[in-house]
Each structure stands twice: as structure tokens, then as C-alpha cells.
Amino acid sequence: MSLGQTISWGPVEDLNLDAFNHSVPEADHRQRVRVYSVPTDVDAGGYFVAVSAPWDPVVVPPSRVKDTALLVEYDLDPDGTFQVKTMLPQIKRAMQVPY
């Protein structure tokens with residue numbers, strides 16, 4: 001279970017979400033990474049990952065707000081270090097780490 005260049009965690013039973021694994025493309029600048037839960041008609045796995053540069057507009061999932069939840073948001077530096085801004089308690093438990 002990890003955050004950073006690779007995002008992964010086990011199943012999140014409280015939110016009815018499957019395990020998750022995603023790689024963030026490398027960049028030469030800080031990136032803001034957001035992972036949302038979304039309806040399966042948006043993504044079969046139930047997740048939407050938005051990666052943006054600090055000067056870019058915020059990218060949001062193409063789903064209704066009431067059907068979407070921000071699970072985790074963090075800043076990722078080019079060297080792979082990160083700073084968590086927001087993380088739901090259910091994701092913390094699924095990751096089994098004290099971020």
C-alpha cells in the first residue's frame with residue numbers, strides 16, 4: 001500500500017471499493033494528485049485519478065457531485081516525495097499506514 005509515484009491500497013469495504021493500483025506519470029514539476037470514487041459508468045473500476053500541475057485548472061471527474069467522493073489528495077514532487085492534503089479515514093485504514 002503506497003502513495004507517491006505509485007498509488008495502491010487494498011479493498012475499501014466501507015465504501016464498497018475494490019483494491020486500487022495506479023502509476024502517476026513522472027514530471028519535472030510538482031503535481032497535485034487527486035483520487036476520486038466514481039460510478040462504474042464513468043470508470044469500470046470505480047476510480048478516477050486527476051493529475052495536474054499547480055498552474056493548471058483543477059480536473060474533476062465527469063460525474064455528478066453526489067455520486068463522487070474525493071478519497072485522497074496530495075502534492076507529488078519530482079523526486080517522489082509527497083505531502084498529503086486530504087485522505088478519508090477509510091483509505092487510511094485500507095493503506096494500513098499512519099499518513
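All residue numbers in this chain count up from 1 along the given sequence.
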Side chains of Arg34 and Val58: closer than 4.5 Å at any heavy-atom pair?
yes
Just how far is it from atom CG of Leu17 to atom OH of Tyr47, taken to the nearest 0.5 Å?
4.0 Å
Does any part of the side chain of Val12, heavy atoms only, come nearer than 4.5 Å to the side chain of Phe20, both counted from C-beta?
no
How many angstroms lie between atom CE of Met87 and atom CG of Leu70, to the nearest 0.5 angstrom?
10.5 Å
N/O donor-acceptor pair under 3.5 Å between Ser52 side chain and Asp56 backbone
no
Does any part of the side chain of Phe48, heavy atoms only, come nearer than 4.5 Å to the side chain of Asp43, both counted from C-beta?
no
Kindly say whether Val24 contributes a backbone atom to a donor-acceptor pair with the side chain of Gln5 at under 3.5 angstrom?
yes
Could you state the interatomic distance from CG (Leu71) to CD (Gln90), rounded to the nearest 0.5 Å?
8.5 Å
Do the non-hydrogen side-chain atoms of Leu88 and Leu15 ever get within less than 4.5 Å of each other?
yes
Contacts of Asp75 that satisfy salt bridge (charged side-chain N to carboxylate O under 4.0 Å, His left out) - sequence neighbours left out
Arg30, Arg32, Lys85
Within the structure provided, determine whether Met95 and Leu3 are in side-chain contact (heavy-atom separation under 4.5 Å).
yes
Do Ser23 and Thr6 have side-chain heavy atoms sitting under 4.5 Å apart?
yes
List for me each residue that meets side chain to side chain contact (heavy atoms under 4.5 Å, CB included) alongside Asp41, sequence neighbours excluded, and say none if there are none.
Pro39
Determine the interplanar angle of the Phe82 and Tyr74 rings, folded into 0 to 90°, and report it as parallel if under 30°, tilted if 30 to 60°, perpendicular if over 60°.
perpendicular
Nearest 0.5 Å, what's the CH2-CZ distance between Trp9 and Arg93?
13.5 Å
With sequence neighbours excluded, tell me which residues meet side-chain hydrogen bond (donor to acceptor under 3.5 Å, both in side chains) with Asp79.
Thr81
Contact between Val35 and His22 at the side-chain level, heavy atoms closer than 4.5 Å - yes or no?
no
